[in-house]
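Data first, discussion second: the structure below is written as structure tokens.
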Amino acid sequence: MEYKDIIYKTPVKHGLINYENTYKDFNWKNINRYFDHFSGDGVNIAHEAIDRHAENSCKDKIALHWEDEDNVKKQYTFSDIKRQSDKLANVLRNLGVEKGDRIFLFLPRVPELYISIIAIAKVGAIAGPMFSAFGPEAIKDRLHDSEAKVLITTPELNQRVDEIREVLPALKHILLVNAEHNLKKDEISYESETNKASESFKIRWVDPEDYLFILYTSGTTGKPKGVTHVHNDMVSHYITTKWVLDLREDDVYWCTADPGWVTGTVYGIWGPWLNRISQVVYNGRYDAEKWYSIIEKYKVTVWYTAPTALRMLMKAGDKIIKKYDLSSLRYICSVGEPLNPEVIKWGLRVYNLPIHDNWWQTETGSIMIANYPCLPIKPGSMGKPFPGVCAKIINAKGKELSPGEHGLLALKRGWPSMLRRIWSDKKKYNEYFRISGWYTTGDTAYMDNDGYFWFVGRADDVIKTAGHRVGPFEVESALVEHEAVAEAGIIGIPDTERSEIIKAFIVLNHGYKPSPNLKKEIQEFIKKRLAAHAYPREIEFTKDVPKTRSGKIMRRLLKARDLGLPTGDISTLEE
Ligand code: ATP
Ligand code: MG
């Protein structure tokens, strides 16, 4: 489904000014000159993201504006973050942490989380951020698989670790934030140790290929994989942040993602700080009014969020938007799931700004396909490959397909932030590269004649019905255009006659009630809007659709529940 009705272009004076020329001449090696230490004597991303700014005239620039649900506020300059991460790095070194050790983080979005990730990089260890909502099983899987040596958490969250502690022999120390008393064996107070520690720390210079972080994928399609990245990722982090998120020195940037999801680590820590940007962190649950008040209060200029959040804001209605002054906003980006054209249209109307969709994965380590300020947007398209990234649509044999043909979305291997390892699973790692020369993404897509990429679906989610292949996204997008529909999840269910039929799970907007008539009306709407073969023969009204903690619709769970099959790994399910 291609929408040609809105084509929007912003006049551009900064950042990526001419996409075509830049794409033609781009060489990743030229990005190294933006860093202090890329000369062969060792690098460290923490030096480039924090220390170098803290050592020059930007030392007093705010790196972090922090606020939580109880309206507690804190501010940290680049030199504050340097000092505090140096202290923590000394604590870690004194505990015997060495290069390559895994240190996991099980914290809400508190400042200590951000400081810890910097400190871990400084000692050359590998950080493993986890969502604070994880239950014992999810924590156990990750700590066990990675053989984490240290865990940084809070006393409250640590209760969930107590239950599984005995199956984690590699775990030597637990650093507790906000716990001065009643510490058990192997537990250490974060505050008392850092208070005692020296402010002077000699950073560990590492090889660009040394590991930096492990992030387990969102678990949308199956068991999460321990995707491992290296310091060299900084090359991609830096330049994609500059050109896709369009960040400049005077911006106030808000990435709504938690560092437990790759977006929150790469574009909520490394990307903005490598670019010396002031960023906002809100440690609290989604709430439409609260979110708008954050934009108003901090005068957020650039906002990076996800389709699910945008759909929730759309559902919350236009009235509340009028209560807040959102005039500081100048640029909005979205990632994580297909961005429905209807949401873009709504954004244009209420924020007076287009929303720029972009596509990437935990494995790719940085944005690969994007809409840029200098290019028109085709709503529903993920945009064009980032300079230095060669994206193609191929078939299972590696043959490149023509524009318009649906196939596997694949990338020529070798960009700086490509995954280097699946922790403890070499076989899984090799599967990504089974087609010679290519990294295969597991997503199905097509490219149009102008070189724009359109997402069709996860390879496993594409529905085969009566000889047609239907991507769930196009049906979901058409459904949310109906005034009664707030959200929709689409699956294929087995059918003897048609091989599969389309089933829709629908969450209704306020003021609408489920009824057979409404079902019929929605079905007719899709037949007209999309195609007769693509309408959902079955519709189930539901209160919500299951999502991962990173906000993605878990279609495999909808399907398993519907068909009474085993639900598989649901450690990342948002409850
Ligand atoms: P798992 O691999 O464990 O199933 P996951 O793939 O959801 O989890 P992530 O790495 O967080 O884990 O998500 C990457 C995937 O998210 C992509 O492969 C794609 O399917 C989807 N995605 C991300 N951005 C977009 C986008 N802009 N449009 C469409 N899909 C997107
Ligand atoms: Mg994936």
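Sequence positions, counted from 1, serve as the residue numbers for this chain. Just so you know, ligand 1 is whichever comes first in the structure, and atom 1 is the first atom listed for that ligand.
- The shortest contact between atom 19 (C) of ligand 1 and any protein heavy atom is with Asp443 OD2, 3.0 Å.
- The protein atom (non-hydrogen) at minimum distance from atom 31 (C) of ligand 1 is Trp359 CD1, 3.5 Å.
- Protein heavy atom closest to atom 13 (O) of ligand 1, with residue, atom name and distance, is Lys552 NZ, 2.7 Å.
- Residue, atom and distance of the protein heavy atom nearest to atom 11 (O) of ligand 1 are Ser218 OG, 2.7 Å.
- Taking each heavy atom of Ser417 and His229 in turn, the nearest pair found is O-CE1, 3.0 Å.
- Considering only residues two or more places apart in sequence or on other chains, Lys559 meets the salt bridge (Lys or Arg N to Asp or Glu O under 4.0 Å) condition with Glu500.
- In this structure, His468 places its NE2 atom where more than 12 heavy-atom neighbours from other residues, nucleotides or ligands lie under 6.0 Å away.
- The protein heavy atom nearest to atom 10 (O) of ligand 1 is Thr362 OG1, 2.6 Å.
- For Gly442, the closest heavy-atom approach to ligand 1 does not fall below 4.0 Å.
- Ranking protein heavy atoms by distance to atom 22 (N) of ligand 1, first place goes to Gly336 O, 3.3 Å.
- Between Ser550 and ligand 1 there is no heavy-atom distance shorter than 4.0 Å.
- Under a cut-off of 6.0 angstrom, the local environment of CD in Glu147 is sparse, with at most 12 non-hydrogen atoms contributed by other residues, nucleotides or ligands.
- For Ala504 against Pro536, the heavy-atom pair with the smallest separation is CB-CB, 3.7 Å.
- For atom 28 (N) of ligand 1, the nearest non-hydrogen atom from the set Met368, Glu337, Glu363 comes from Glu337.
- Looking only at protein heavy atoms, the nearest one to atom 29 (C) of ligand 1 is Pro338 N, 3.2 Å.
- Among Thr217, Thr263, Thr572, Thr221, the residue whose heavy atom lies nearest to atom 4 (O) of ligand 1 is Thr221.
- A donor-acceptor pair shorter than 3.5 Å can be found between the side chains of Asp448 and Trp454.
- The salt bridge (Lys or Arg N to Asp or Glu O under 4.0 Å) check on Lys140 picks up Glu137, with sequence neighbours excluded.
- Residue contact check: Trp261 has heavy atoms under 4.0 Å from atoms 11 (O) of ligand 1.
- Remark: Arg349 CZ is packed, more than 12 non-hydrogen atoms of other residues, nucleotides or ligands lying under 6.0 Å away.
- Residue contacts with ligand 1: Asn358 is included, with a non-hydrogen atom under 4.0 Å away.
- Each of the atoms 26 (C), 27 (N) of ligand 1 lies under 4.0 Å from some heavy atom of Asp357.
- At least one side-chain heavy atom of Leu107 sits less than 4.5 Å from a side-chain heavy atom of Ile152.
- Residue Met382 has no N or O atom closer than 3.5 Å to an N or O atom of ligand 1.
- Any N or O atom pair closer than 3.5 Å counts here, and Thr441 shares no such pair with ligand 1.
- Looking only at atom types and distance, the side chain of Asp251 has no donor-acceptor partner in the side chain of Tyr331 under 3.5 Å away.
- Atom 6 (O) of ligand 1 has as its closest protein heavy atom Arg458 NH1, 2.8 Å.
- Residue contact check for ligand 1: Trp360 places a non-hydrogen atom closer than 4.0 Å to it.
- Ligand 1 has no nitrogen or oxygen under 3.5 angstrom from a nitrogen or oxygen of Ser334.
- Residues Ala257 and Arg109 share a closest heavy-atom pair of O-CD, 4.3 Å.
- Aromatic ring centres of Tyr286 and Trp291 lie closer together than 6.0 Å.
- The closest approach between any non-hydrogen atom of Tyr216 and ligand 1 is not below 4.0 Å.
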